[in-house]
Amino acid sequence: MEPIVTAANTGIFPHASTTVSPKEAKMTSEFLDLLANYPMPTSARPHDTVSGTVIGQHRAGFFVDIGGKTESFCPTEEAGNIAVGGSYSFMVLATREYFEGEEDGAVRLSYRRAQGWSVVQGLKESRATSEVRVKSVARSKTGGEAGLIVSLEGIDGFLPRSEADLGGPLSSYVGKMIPVKVQNAERKVERGRVFDSVTVSNRAATQDQKIAFLQGLKRGDTVRGVVTKIVLEAANEGVTERRELGVKVRIGNLVTGFVYRTEASYSRSAKPSEVLPVGTEVDATVLSIDVEKGELKLSTKKQTVNRGMLNSLKPGDKLSGRVSHIRFERQGDNGKSRLFEPGDENGLGVDLPQGMTGYLHRFEVSTDRSVKPSSILPVGTAVETEVVSVDERFGTIKLSLRPMRELELEALRQQKGQLVSGTVRSVFPNVGYFVRLGLLTEGLLHNKELRSDGTNRETVTVGSQVDVRIKDVTEDRERRRTTVALGR
């Protein structure tokens, strides 16, 4: 027997108790099926993804049916390649994003952003690198550059400053394309409002490229970059002016190398900022590469040298200068030589005119291996030099102190037969004493000269002052040596 259907047990008219016929019951059942399958109005919230069918086109965009009681609209700039009659997924936009002030209740849609969000999610999962356009600079509460706002597939993302592996101010990248990796992509609700939260990293995107770039370099290679920053020493209490340690050089958009102050130029008196101001494009020589740490040490000595002056120099040219620094022996510098150990003074650097720097070997200052060149010519001492050789490839100038020695020797010739004061530099018991008579000139006081006047040679020690008489000044041009004979 067929069940008796009443208006009450259908739920349509709960208070009715009228009994209906089987025919009426069938019609009621069919009505319930239609009611269950009828697309009811959609309650769409901003940033939801909804499905819809394009039912019409307007010059400003497309009309879309998403099952709502009011029409939905997709503006042209958000439409992408949709067409009338097609069914697509759309992202719901906030009404105020378009047609500001309208209160028609229409739902604004974006096909482009719906597709973009899907791509962003895929990039997050795959950790793939993508190119994004920089829209603007995000400012901190203090007005500083907190990061960048970027556009990724139509979705706005945030690139924190700490994740921006970029040289120079962030504002200089507005409107440019940069590589990034998506670190975070989620939808958040704050104060009842739904919004997309996308965070990207430029540093993570460039890491693989940076490693590949560094692995392709070798010591001695030349790279081109732009000076981006002057690096100062750490601030210490009581120090009013911090010394410049060097400069950072940005190579492309991948790597930043460091040029230490002694590698900025051959001149020790010039500050790195004077030789390499920020913004200067410069070629640099690779000194060392640390792929693991991503560090690159550079030298710009050869590139910043004054080539015009260097090419004009020739052996025998006279140059005035000032001792600028001490050069020390390093491990391997002296090859098989056992004369000096690493850390011993190897010579002196001399600042020359027009930003040039020359080099004085220690034997140019004194032939005594136990004497430190800096003890005779301290840093800051003015010197008169002569060019011995010029290495145009490396920009180095080898110098001698011949002009200074000749001046001192000429003065001694003028004082021949007179008593002068000197300092005992070394003692050779079986020979006598070498006495320094100036900065660079020494004379020999033979033992027989001491015995002739009864002087006890044990009373003469290194460093003691003695009065000696200039007996003769003899120049051996073949051996390039001048001998000064002394007496009492």
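Each residue takes its place number in the sequence, starting with 1.
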Could you tell me whether a side-chain N or O of [X] sits under 3.5 Å from a main-chain N or O of [Y], the two making a donor and an acceptor?
X	Y	value
Ser324	Gly349	yes
Glu364	Leu401	yes
Thr300	Ala284	no
Asn202	Asp165	yes
Thr76	Ala60	yes
Arg327	Arg362	no
Arg108	Pro75	no
Thr280	Leu276	no
Glu295	Asp290	no
Arg261	Leu245	no

**OP:** Kindly state whether the ring of Phe63 and the ring of Phe73 have centres lying under 6.0 angstrom apart.
**Re:**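 For Phe63 and Phe73, the ring centres are under 6.0 Å apart.
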
Enter the distance from [X]:[atom1] to [Y]:[atom2] here, rounded to the nearest 0.5 Å.
X	Y	atom1	atom2	value
Leu217	Ile289	CG	CD1	5.0 Å
Arg112	Glu77	CZ	CD	8.0 Å
Asp221	Arg219	CG	CZ	11.0 Å
Glu244	Ile230	CD	CD1	5.5 Å
Gln115	Ser110	CD	OG	9.5 Å
Tyr359	Lys398	OH	NZ	8.0 Å

Which heavy atom of [X] sits nearest to which heavy atom of [Y], and what is that distance?
X	Y	value
Ala185	Val120	CB-CG1, 3.7 Å
Ser320	Pro353	O-CD, 3.4 Å
Val64	Cys74	CG2-CB, 4.2 Å
Pro179	Glu131	CB-OE2, 3.7 Å
Glu263	Leu298	CB-O, 3.8 Å
Thr256	Lys248	CG2-CB, 3.8 Å

**OP:** Applying side chain to side chain contact (heavy atoms under 4.5 Å, CB included), run through Val50 and Val107 and close with a yes or a no.
**Re:** CA-CA 11 Å; Val50 297; Val107 178; over 6 Å; no

Does a side-chain heavy-atom distance below 4.5 Å link [X] with [Y]?
X	Y	value
Ile397	Thr385	no
Glu384	Lys318	no
Val54	Phe90	yes
Leu214	Lys210	yes
Leu399	Leu352	yes
Thr228	Val278	no
Val182	Val180	no
Lys181	Gln207	no

Subject >> side chain to side chain contact (heavy atoms under 4.5 Å, CB included) between Ile251 and Leu296, intermediate numbers included >> reply: CA-CA 10 Å; Ile251 304 167; Leu296 192 62; 3.6 Å; yes

Original post:
When you check the gap from the basic side-chain N to the acidic O, do Glu145 and Arg161 get nearer than 4.0 Å?
Top reply: yes

Original post:
Are more than 12 heavy atoms from other residues, nucleotides or ligands located less than 6.0 Å from atom NZ of Lys124?
Top reply: yes

Original post:
Mind checking what makes side-chain hydrogen bond (donor to acceptor under 3.5 Å, both in side chains) contact with Lys293, not counting sequence neighbours?
Top reply: none

**OP:** For the pair Val390 and Lys314, evaluate side chain to side chain contact (heavy atoms under 4.5 Å, CB included) and give the outcome as yes or no after the intermediate values.
**Re:** CA-CA 7 Å; Val390 178; Lys314 58 184 181 300; over 6 Å; no

Original post:
How would you list, by chain and number, every residue that makes a ring pair (Phe, Tyr, Trp, His ring centres under 6.0 Å) with Tyr111, sequence neighbours excluded?
Top reply: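 With neighbours one apart ignored, the set is Tyr88.
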
Original post:
Quick one: which of Leu152, Ile178, Leu170, Val132 gives a side-chain contact (heavy atoms from CB on, under 4.5 Å) with Leu159?
Top reply: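 Testing each of Leu152, Ile178, Leu170, Val132 against Leu159, the sole residue satisfying side-chain contact (heavy atoms from CB on, under 4.5 Å) is Ile178.
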
Original post:
Can you list the steps and then say if Val84 with Ile55 is a side chain to side chain contact (heavy atoms under 4.5 Å, CB included)?
Top reply: CA-CA 6 Å; Val84 176; Ile55 58 175; over 6 Å; no

